[in-house]
Every structure is written in structure tokens, then in C-alpha cells.
Amino acid sequence: MLAVNAPGGAAVPDAMEAAPPCVMVIFGAAGDLTRRLLVPALCQLARAGSLSPNFRLVGAATGERTTEQWLAELAGWRVGSGGDADVLEAAAWDWLTERMSYVRADLHDPQSFRSLASHLERLDHEAGTAGNYLFYLAIPDRLFATAVAGLGAAGLTREGPTREASGYWRRVVIEKPFGHDLESARALDRDILRFLREDQVYRIDHYLGKETVQNLMALRFANGLFEPIWSRNHIDHVQITAAETVGVERRGRFYEQAGALRDMVPSHLFQLLAMTAMEPPASFEASAVRAKKAEVVHAIRPMDETQALENSVRGQYQGYREEPDVARDSATETFMACRLFVDNWRWAGVPFYLRTGKCLGCRRTEIAIRFHQAPLSIFRGTDVEHMHPNWMILRIQPDEGIALEFAAKRPGAKVTLDTVSMDFCYATHFHLAPNTGYETLLYDCMIGDATLFQRADNIEAGWQAVQPILDAWARNPPRGFPNYAPGSSGPAASDELLARDGRAWRPLA
Ligand code: BG6
């Protein structure tokens, strides 16, 4: 959901009115995602008064534990400084814990779903949750279809007769990865759509919960300034970077099957690409926005095997093969870069360079837009060789903000140009409240706003666009892995990819 703040000065974080009563059921309640992101996000929503007093949270997982034990396990994330924020957080935590319960659930056992159904019915009677259920699948992706089938068989995906009036709703949030290639994504869609309508499915990509990602639409479509220059007529190329300093940490088992391309590109990086390149939608309605984003991904130029290999680079950091649960001869990439074209009237001929990797020199997610070089002939004889063309940098994280780099004359008698930067920083202007990125997304699920979620065809278009690279890589195993040092900016081939076009990445320093 996009909310627009009043202009001027530091804005108060949006007060979102309380969502309708519902029970949220988290499958994978004992996992990392629940502890680190989902429960903290619910706490933030509770603190902002955005949850109904009739809200209830049910944790479901395979382990035998009581509600008290589950709460004790979760309490660990609340490590604070003891300041005012902590007091508010403690109050929100207390509010939430009164509404939480744990149930043991074996996704392969129909009885577990029947017990869950009885538990939910009880909550409807006792707590007035109105039969509205939000199921969150924070579980390994191979279990998504099993979980949905179990819910379906227990009648838990069936909605009330009149959804608008007294009817109740049932929604399922599905984490990424949604499939591991085009075929498996399609198969998963077929499986879940046997039990759910498309509008009951919320395929989540947490990048869309980030304020700065949502702000891309405001920047482009709420300002008269940028849209007229947002095309191949003025833009030379676009660089999209998602660099991380961490390695695979404890996720070796998952990552060995995924790799950087599957993990980041069809989901997060394509979201950034789509937001950057989409045509203006007619409204902020979910269907209008999602249709425009899908068009971008559909317009990515297909590649044959040779082109896929020429336009992509893979890397693996030194030390990856010694990480837990990683094969000693692993061929999994922890870095990828590629060069794509969006073949439509707005973007024809403008390269989009994407890169992402683990164990790089800095943590930074940004979209860098390079405008055409100005004809600098009037400055001939001055120091213009060192001039850079204009850049607009949209910093997604950390240090969220927007910078515009342009040329200015250095003070003095001699004409010398320098690059200066105009910088807007979110944190200082808006006093950003702590935000996991999941707050908006969870709230949107509860109010039924699917704008920031992925439709089946968006996901499939993403896989379709990367499939040529996946296929080319599968047929041509990597050579020379590991090929980059931790703390560097990735393999040398990544720089060569741009150097071939006479361009260079913005440094990862
Ligand atoms: C996840 C990936 O989806 O996104 C991780 O599976 C990655 O490998 C993470 O680290 C990055 O998210 P963020 O919000 O830290 O940029």
C-alpha cells in the first residue's frame, strides 16, 4: 500500500488504521524468519495501533513446545538499549504475547490441519477473529504445495459466501523462492491454484516492503521533473547493485541449491528493474501496477546460449567451499552480474547492468542511473576530461536516500569543473522508525491490498527471463572457482563485462 504524507518538514510515520480482525498463522514458527523479521514487524504494527484488538497470532511448527516455551524462544530478539523506544516495544510485545498461541503441526499429517482448524474456530468464538485467516508459509519451499494442500483438504482455504458483507477471507502468504526455474514455478502455481484463487495468494518479496523501493514510484510519477527525462533519450545506462558483506552464514544447504542468480535476480533485482523501467500505471490499483511491472520483465530481450554466456558473469568467493553444508567442490555462484536489454520504445538500446553477491567490499543496494554525457565543447581547454556525466543514485539500503551528481564550477578565476552531489537522506528528513520491511507487507495482506505482491505471471516472466542464463550455466560449468576475494568487488570478469561497452561499475567501496 502506498500512503502519501503531507509535504514539508519531518513527517510523522503514517498512522495506519487498524486492520480487520484476523488470525495470522505462521508455519515455520520456530524459524529464523519468524524470530528475526515477522514477529518484530508485528510488534511494530501493534505499537502503531495497526492491528485489530481482535488480532490473534498462531505459531505452527513441527517441534513439541508450549506457547510459553515458544514465547521464550522469541523473546531473544528484543535486545534493546533501555530507552523510550524499548518501553514502547515492551508494551507492544506484551500486547502481542497476550494474543499468541503455539500449535504443533506436521505438514504431512491431515490430522494436524484438522486440529489447527478446531483451534482457529475456537479463536473465532473466543476472540472474535471473524473467520479471517492469514496463513504465512515461512517454511522451506519444497513444502509450499504440501502446506497449501493440507489447508485445502481441511477446508481452511474456503472463503465465506459474501466476502464484502459478512463473509470471511482466507489468504496465504508464500515466501520466496517460488520455484527454482520456469517449469517448477509453473508446477507450483498449478498445485496451489487447485486450492486457492489467485487473489488469495500473496507471493511476497520483502524488497517491495522497503520504503525506498516504494518511493521509486513516488519519485517517478509524483514529480514533473523526472518522468520527461526517464528514457533512452536521456539515460545512457542503468546499474542495479545488491551487494552484501556477509557470506552464506548458516544457509549453506539452501544456498547450494539456489546460488546468487536464483536467490536474488528473478525476485529482488527484477523488482528494482521493473520499478525503475515501468510505464506509469493508470492508478495505484494492484492490477494496474502489477500489469505495468510485468510488461517490463516480459520485454527483457531473450538470449541464446552464446549471448547468455557473453552477457553474464558468475563468481564464487574464496572460502565458500569451507562454509558449513557446502560441497568441497561446489560450483554454486555467490556472485552474478549480467547485462540485459528491455526492448520497448522507452528503453531500446539502454543496457541494464545487474550485479549481486555475497562477501563483497560493502553492503549496498542501489540503482544508479547514468545520464548521457553533455556536449562539453564550450569547456574545451579546461579540465573537463575528468568530468563524469550526471548520475542519479537511488540508495535502497543502507543509508536510504537519493543523490544527484552534477558538474559545478570550482570557485576561482580559472574555469575548472568538479562533480558535486545533491543528497536527500531519508533517515534525517523523515526520522524513519525502525522497520523490517515486513510491516507494510503484513498489513497489506490483512487489508487485502495486493499491490506489493507478485502475481503468478510476474514470477513466471522473471524465471523466463533468467532461464537462458540458467540453462547456459548448467551446460557450461564454471571454470576457476573460487574466483574472488572476500571484501573485493567480485570477479574481474564483472568489470570486463562493462569495460567491453566502454563503461565501469560505480565502485563498491
Ligand atoms: C534474501 C536472500 O531473499 O534476501 C538472501 O535469500 C539475501 O540471500 C537477502 O541475503 C537480502 O535481503 P536484504 O533485505 O538484506 O537486502
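Each ligand, and each atom within it, is numbered from 1 in the order the structure gives.
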Note down each nitrogen or oxygen pair, ligand 1 side and protein side, whose separation is under 3.5 Å; give only atom names and the distance to 0.1 Å.
from: ligand 1; atom 1: 3 (O); to: K176; atom 2: NZ; distance (Å): 2.8
from: ligand 1; atom 1: 3 (O); to: H268; atom 2: NE2; distance (Å): 2.7
from: ligand 1; atom 1: 4 (O); to: H268; atom 2: NE2; distance (Å): 3.3
from: ligand 1; atom 1: 6 (O); to: K176; atom 2: NZ; distance (Å): 3.1
from: ligand 1; atom 1: 6 (O); to: R251; atom 2: NH2; distance (Å): 2.9
from: ligand 1; atom 1: 6 (O); to: D263; atom 2: OD1; distance (Å): 2.6
from: ligand 1; atom 1: 6 (O); to: D263; atom 2: OD2; distance (Å): 3.3
from: ligand 1; atom 1: 8 (O); to: R251; atom 2: NH1; distance (Å): 2.8
from: ligand 1; atom 1: 8 (O); to: D263; atom 2: OD2; distance (Å): 2.5
from: ligand 1; atom 1: 8 (O); to: K358; atom 2: NZ; distance (Å): 2.8
from: ligand 1; atom 1: 10 (O); to: E244; atom 2: OE1; distance (Å): 3.2
from: ligand 1; atom 1: 10 (O); to: E244; atom 2: OE2; distance (Å): 2.5
from: ligand 1; atom 1: 10 (O); to: K358; atom 2: NZ; distance (Å): 3.0
from: ligand 1; atom 1: 12 (O); to: H206; atom 2: NE2; distance (Å): 3.1
from: ligand 1; atom 1: 14 (O); to: H206; atom 2: NE2; distance (Å): 2.8
from: ligand 1; atom 1: 14 (O); to: K210; atom 2: NZ; distance (Å): 2.6
from: ligand 1; atom 1: 16 (O); to: Y207; atom 2: OH; distance (Å): 3.0
from: ligand 1; atom 1: 16 (O); to: Q397; atom 2: NE2; distance (Å): 2.5

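The aromatic ring centroids of F27 and Y136 lie 6.0 Å or more from each other.
To the nearest 0.5 Å, atoms CG (D189) and CD (E460) are separated by 5.0 Å.
Between D32 and R251, none of the side-chain N atoms (NZ, or NE/NH1/NH2) sits under 4.0 Å from a carboxylate O, so this pair counts as no salt bridge. Comment: R475 engages E305 in a salt bridge, judged by a side-chain N to carboxylate O separation of less than 4.0 angstrom. Contact check on K176 versus D141 returns no salt bridge, with no Lys/Arg side-chain nitrogen under 4.0 Å from an Asp/Glu carboxylate oxygen. Electrostatic pairing of E279 and K292 does not count as a salt bridge here, judged by no charged N lying under 4.0 Å from a carboxylate O.
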